[in-house]
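In this chain, numbering begins with 1 at the start of the sequence shown.
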Amino acid sequence: MSADTLAAKPSPTPGPERAPLKTRRVRKTGENRVMTGVWNAVGLAIAAVMGFPIYWMVITTFKTNKDLIAQDPTFWPSSFSFDSYTTIFDDDQFLPSLQNTVAITLGSVVLGLVVGFLAAVAVARFNFRGRNFFIVTMLVVQMVPLLAIIVPLFVVMNGAGLTGSAFGVILAYLVFTVPYVIWTLRSFIVNIPTELDEAAMVDGCTQWGAFFRVILPLTLPGLITTGVYTWIQAWNEFIVANTLLSTGGQRTAMGWLTFYSTTPTRGADYGAQMAGGLLVSLPVIILFVIFQKKVSAGLTAGAVKG
């Protein structure tokens, strides 16, 4: 076929353009306003139910005796009064008990983190005979209730002459703080690649240098998270402290609050009881608020393989 024939051949007539297909719009998550409103209402209702006891506790501390003994409960005091807090601070046993709790809790947290962290490094980084048995034992120990070991624990502490002292309570708290610290921190240390330790030692670090320069900084979120939860456990503990301190005449804040609420003169003073409970709980709440971001980061830091 010649070039003239190709040139003379008419080009095909273009047909009508096909209209583009309409793509179906996919609704994104959360764009259903009706369901969003329903779930928000459900969430607010659950929050109101869970937060009402706290509200009632706080508002009771500011009520007068007239509102406290009224036949119909009032959800808002007719007049605010600080007599409940004055009654608590006038008690000569409140501040010493609170100081004992701070000292015991701080000592048990620091000592538990030091011992538990070193043990967690040994379990996570070294292979030794009975390693798996040791890990399972740490898990089993956490499942044993304190009531099951309080009698033998008292016998051992009494034989060592450590009953009636804050130091004895600190050592007794290691029974449940150290296994928790080991089990929790082990997961953080396992997720730190051993190649980082080896690279640090190639650059001239010793094993202790690699520990302080690699393992410790990378495990810091886990240490903070574990320390906060260990603080809460030690602060709220009552059975061991009440048993071991019974011979020395001392009390922790939890023991003082229990004794205060059962005395004949203060048993019906609900405003003072609520004020005491709020003051005892306040340090834990403040600590958790301060380290909230660190705790949230620590809860997920050990979940991803490094």
Side-chain angles (χ1 to χ4, degrees), residues 43-109 166 169-170 173 224 227-246 248-295:
L44 291 175
I46 295 175
V49 172
M50 297 181 65
F52 180 77
I54 301 176
Y55 165 79
W56 190 258
M57 176 183 182
V58 174
I59 208 66
T60 302
T61 62
F62 297 105
K63 289 183 178 181
T64 60
N65 291 331
K66 180 181 178 181
D67 293 333
L68 289 174
I69 63 177
Q71 184 176 1
D72 297 327
T74 56
F75 295 93
W76 190 258
S78 57
S79 60
F80 283 83
S81 174
F82 294 91
D83 293 340
S84 299
Y85 294 97
T86 304
T87 303
I88 292 298
F89 283 105
D90 287 342
D91 191 303
D92 56 354
Q93 296 295 326
F94 172 68
L95 290 180
S97 300
L98 194 61
Q99 292 173 0
N100 289 336
T101 304
V102 173
I104 291 173
T105 304
L106 185 61
S108 61
V109 169
V169 178
I170 292 175
Y173 279 4
I224 295 176
V228 170
Y229 282 104
T230 305
W231 180 284
I232 295 174
Q233 288 181 355
W235 185 277
N236 294 332
E237 203 284 321
F238 167 73
I239 299 174
V240 175
N242 187 58
T243 303
L244 297 182
L245 293 178
S246 59
Q250 302 182 33
R251 292 191 184 95
T252 59
M254 291 299 170
W256 168 86
L257 186 60
T258 303
F259 177 80
Y260 184 86
S261 60
T262 55
T263 54
T265 56
R266 300 298 183 187
D269 192 354
Y270 304 114
Q273 292 181 32
M274 292 294 184
L278 181 61
L279 292 175
V280 170
S281 305
L282 201 58
V284 176
I285 298 174
I286 295 175
L287 181 71
F288 198 85
V289 170
I290 292 175
F291 293 102
Q292 180 181 6
K293 293 184 179 180
K294 295 291 185 180
V295 171

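Checked against F62 for a ring pair (Phe, Tyr, Trp, His ring centres under 6.0 Å), the options Y55, W76, Y85 give a single hit: Y85.
Applying the 6.0 Å contact sphere to CZ of F82 captures no more than 12 heavy atoms from other residues, nucleotides or ligands. Remark: I285 CD1 is packed, more than 12 non-hydrogen atoms of other residues, nucleotides or ligands lying under 6.0 Å away.
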side-chain contact (heavy atoms from CB on, under 4.5 Å) assessment of Y260 paired with T87 | CA-CA 11 Å; Y260 184 86; T87 303; 3.4 Å; yes
Show your working on side-chain contact (heavy atoms from CB on, under 4.5 Å) between W235 and V280 and close with a plain yes or no.
-> CA-CA 9 Å; W235 185 277; V280 170; 3.9 Å; yes
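Of all heavy-atom pairs between S108 and A234, the closest is OG-CB, 3.5 Å. Taking both residues in full, the closest heavy atoms of L245 and A166 are given as CD2-N, 4.3 Å, listed atom of the first, atom of the second, then distance. Closest non-hydrogen pair, I239 versus T243, comes out as O-OG1, 2.8 Å.
A distance of 9.5 Å separates CE of M274 from OG1 of T61, quoted to the nearest 0.5 Å. In this structure, CG in L279 is found 4.5 Å from CZ in F94, a value given to the nearest 0.5 Å. Remark: T258 OG1 to F238 CZ distance equals 4.0 Å, nearest 0.5 Å. Taking CD1 of I232 as the start and OG of S281 as the end, the distance is 11.0 Å to the nearest 0.5 Å. The CZ atom of F80 sits 4.5 Å away from the CD1 atom of I59 when rounded to the nearest 0.5 Å. A distance of 8.5 Å separates CD of Q273 from CD1 of I88, quoted to the nearest 0.5 Å.
Using cut-offs of 30° and 60° for the angle between ring planes, the F52 and F75 rings count as tilted.
In this structure the side chain of T64 never reaches within 4.5 angstrom of the side chain of D83, judged on heavy atoms.
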Going by atom type alone, with no hydrogens or angles, which donor-acceptor pairs under 3.5 Å involve a side-chain atom of residues 100-107 and a protein atom two or more places apart or on another chain?
unit_1, atom_1, unit_2, atom_2, d
N100, ND2, P96, O, 3.3
N100, ND2, R251, O, 3.1
T101, OG1, S97, O, 2.9
T101, OG1, A253, N, 2.6
T105, OG1, T101, O, 2.7

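Counting only distance, with no hydrogens or angles, the side chain of K63 and the backbone of T74 share a donor-acceptor pair below 3.5 Å. In this structure a side-chain-to-backbone donor-acceptor pair under 3.5 Å is missing from W256 to L95.
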